[in-house]
There are 2 protein chains.
Amino acid sequence: MDRVALRQLLHERGLRLTRSRQAVLTVLTGASGHLKVAEVYRRARKIDPGIGLASVYRTVELLARLELVKPLHTEHRHRHYVRANGRHGHHLVCTGCGLAVEFADCQLERLMQRLARRTRFHIDGHFMEFFGRCANCRSGSRSSRRRAPC
Amino acid sequence: MDRVALRQLLHERGLRLTRSRQAVLTVLTGASGHLKVAEVYRRARKIDPGIGLASVYRTVELLARLELVKPLHTEHRHRHYVRANGRHGHHLVCTGCGLAVEFADCQLERLMQRLARRTRFHIDGHFMEFFGRCANCRSGSRSSRRRAPC
DNA sequence: GTAGATGCAAAAGTTTTGCAGACCT
DNA sequence: AGGTCTGCAAAACTTTTGCATCTAC
């Protein structure tokens with residue numbers, strides 16, 4: 001998402017494109033893995049040294065509403081975010097290096113219909129993540145097992 | 001899971017069956033929905049008034065390792081737990097009252113295999129939850145929409 | 001100019017930890 | 001008896017909030 005398109009997207013909702021927001025989006029767009037908020041903050045300060053932690057929290061939440069990023073539920077204690085392309089993305093996350101691969105077709109419709117019939121629920125959402133180890137982390141070098149999310 | 005079986009399960013790992021652990025398991029087993037830790041604590045004190053919050057945290061984590069309960073990631077800010085029957089359970093959660101229905105067959109093997117081939121990941125786990133509204137919460141009475149998880 | 005956004009700092013929570021003493025087996 | 005577990009209280013964090021100030025438009 002470039003600067004112009006983002007400004008447009010924000011403008012449609014009466015929101016503004018600020019330096020903080022650009023910094024946070026740049027950080028998350030440039031990362032191949034999921035980042036906790038504190039890490040987003042650390043990186044964002046390199047782009048905009050004056051940014052405050054509260055703005056980072058406010059911005060990741062905004063970006064999540066706009067579906068430009070997605071909150072992940074990892075084994076960690078705190079929330080992580082990862083870049084996303086629209087509504088129907090799910091992620092395959094490497095437990096070694098944090099690499100997050102997005103995939104789209106989750107083919108859960110049939111399961112959902114069966115479940116809905118059986119339980120008499122009206123199902124309106126789901127959450128799904130896969131965990132594993134990426135090829136790089138499996139390739140054997142110990143160092144790659146400990147590499148930080150990039 | 002009854003008292004004897006639980007003691008056996010714990011004993012196999014050199015762990016002990018204490019009053020606190022019984023209280024926490026009783027609370028979570030008796031609940032039809034997911035509970036946040038603070039709520040588990042509140043209910044557990046009715047069974048064992050002397051129990052401490054730290055023990056509740058330690059115990060839910062232990063029970064999760066034993067796969068007797070499962071952590072859920074809801075829209076809430078803090079972790080919730082729900083009773084579970086073994087490794088392969090997933091949950092359908094009512095966003096109205098918190099009712100959590102467990103279901104077993106998730107039939108994701110084919111999707112997993114395709115993903116693994118395409119991404120060269122070794123996939124070793126997944127996390128899935130469905131959200132919706134249960135029949136009771138949909139039935140129209142306003143009160144049921146606000147009922148606390150039971 | 002003005003509404004929206006920010007930074008700061010404090011507050012509100014949740015979760016973890018250290019340790020002396022209690023408890024289970 | 002001996003190691004496991006607990007309650008307590010403090011600490012460590014994460015996340016939220018209020019408000020004066022700033023800024024994007």
Side-chain angles (χ1 to χ4, degrees), chain A residues 3-27 34-66 69 71-81, chain B residues 3-27 34-66 69 71-81:
Chain A
R3 186 194 163 90
V4 174
L6 178 56
R7 170 176 280 122
Q8 167 68 16
L9 186 61
L10 291 168
H11 186 259
E12 286 166 4
R13 302 164 197 239
L15 303 172
R16 295 168 183 183
L17 180 55
T18 64
R19 204 189 308 171
S20 321
R21 286 174 178 171
Q22 282 183 76
V24 169
L25 187 63
T26 299
V27 166
H34 53 101
L35 302 177
K36 60 180 173 182
V37 177
E39 177 64 17
V40 175
Y41 177 47
R42 200 182 66 74
R43 298 186 186 194
R45 269 189 302 181
K46 292 184 181 169
I47 301 172
D48 172 12
I51 195 174
L53 179 57
S55 292
V56 175
Y57 273 99
R58 288 185 280 234
T59 303
V60 289
E61 202 173 305
L62 171 66
L63 295 177
R65 278 202 305 277
L66 297 177
V69 305
L72 286 190
H73 305 289
T74 65
E75 75 279 10
H76 302 90
R77 286 286 176 259
H78 26 270
R79 197 170 305 183
H80 284 228
Y81 289 86
Chain B
R3 183 195 165 88
V4 174
L6 178 56
R7 169 176 279 123
Q8 167 69 15
L9 184 61
L10 291 169
H11 186 258
E12 286 166 5
R13 301 162 197 242
L15 303 172
R16 294 167 182 183
L17 181 55
T18 64
R19 204 189 308 170
S20 320
R21 288 176 177 171
Q22 281 184 77
V24 169
L25 187 63
T26 299
V27 166
H34 53 102
L35 303 177
K36 61 181 172 183
V37 177
E39 177 64 18
V40 175
Y41 176 47
R42 200 182 65 75
R43 297 187 187 193
R45 269 190 301 182
K46 292 184 181 169
I47 301 173
D48 172 13
I51 195 173
L53 179 57
S55 292
V56 175
Y57 273 99
R58 289 184 279 234
T59 303
V60 289
E61 202 173 302
L62 171 66
L63 295 177
R65 279 201 304 277
L66 296 176
V69 305
L72 287 190
H73 305 287
T74 65
E75 76 279 9
H76 303 89
R77 286 286 176 258
H78 25 269
R79 197 169 303 187
H80 284 227
Y81 289 86

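All values below come from the heavy atoms of this structure, side chains included, with hydrogens, waters and symmetry mates left out. Everything numeric here is computed off the predicted structure, so don't read it as measured data. Here is the naming used below: chain letters follow the sequence lines, and residue numbers restart at 1 for every chain.
- B:Val37 and B:Val56 get closest at one heavy-atom pair: CG1-CG1, 3.8 Å.
- Residues from residues 16-26 of chain A placing a heavy atom under 4.0 Å of any atom in DNA chain C, listed by number, are A:Arg16, A:Thr18, A:Ser20, A:Arg21.
- Using a 4.5 Å heavy-atom cutoff, the side chains of A:Arg3 and A:Gln22 are in contact.
- Residues satisfying the side chain to side chain contact (heavy atoms under 4.5 Å, CB included) test with B:Leu9, not counting sequence neighbours, are B:Met1, B:Glu12, B:Arg13, B:Leu66, B:Leu68.
- Note that the first and last nucleotides of DNA chain C, 5' to 3', having any atom under 4.0 angstrom from a heavy atom of chain B are C:dT14 to C:dT25.
- When the C1' atom of D:dC13 is taken as reference, atom OH of B:Tyr57 falls 12 Å away, rounded to whole Å.
- Nearest-nucleotide assignment on DNA chain C puts the 5′-proximal partner with A:Arg58, out of B:Val37 and A:Arg58.
- Within the structure, side chain to side chain donor-acceptor pair (under 3.5 Å) contacts touching residues 45-61 of chain B (residues at least two apart or in different chains) are A:Arg77-B:Glu61.
- Put simply, OH on A:Tyr81 and CG on A:Leu35 are 12.0 Å apart, with the number rounded to the nearest 0.5 Å.
- We find that NE2 of B:His78 is positioned 11 Å from P of D:dT16, with the value rounded to whole Å.
- Partners of A:Arg42 according to the salt bridge (charged side-chain N to carboxylate O under 4.0 Å, His left out) rule, which considers only residues two or more places apart in sequence or in another chain, are A:Glu39.
- Taking each heavy atom of A:Val60 and A:Val24 in turn, the nearest pair found is CG1-CG1, 4.1 Å.
- Nearest heavy atoms, A:Ile47 versus A:Ala23: CD1-O, 3.9 Å.
- Near-neighbour residues of DNA chain C inside residues 3-14 of chain B, defined by a heavy atom below 4.0 Å, number-ordered: B:Arg7.
- Residues B:His34 and B:Leu72 come closest through the heavy atom pair CB-CD1, 3.7 Å.
- Checked by atom type and distance alone, the side chain of B:Arg21 pairs as donor or acceptor with a backbone atom of B:Arg16 at under 3.5 Å.
- Residue contacts for B:Leu15: at a heavy-atom cut-off of 4.0 Å it reaches the sugar-phosphate backbone alone, with no base atom in range.
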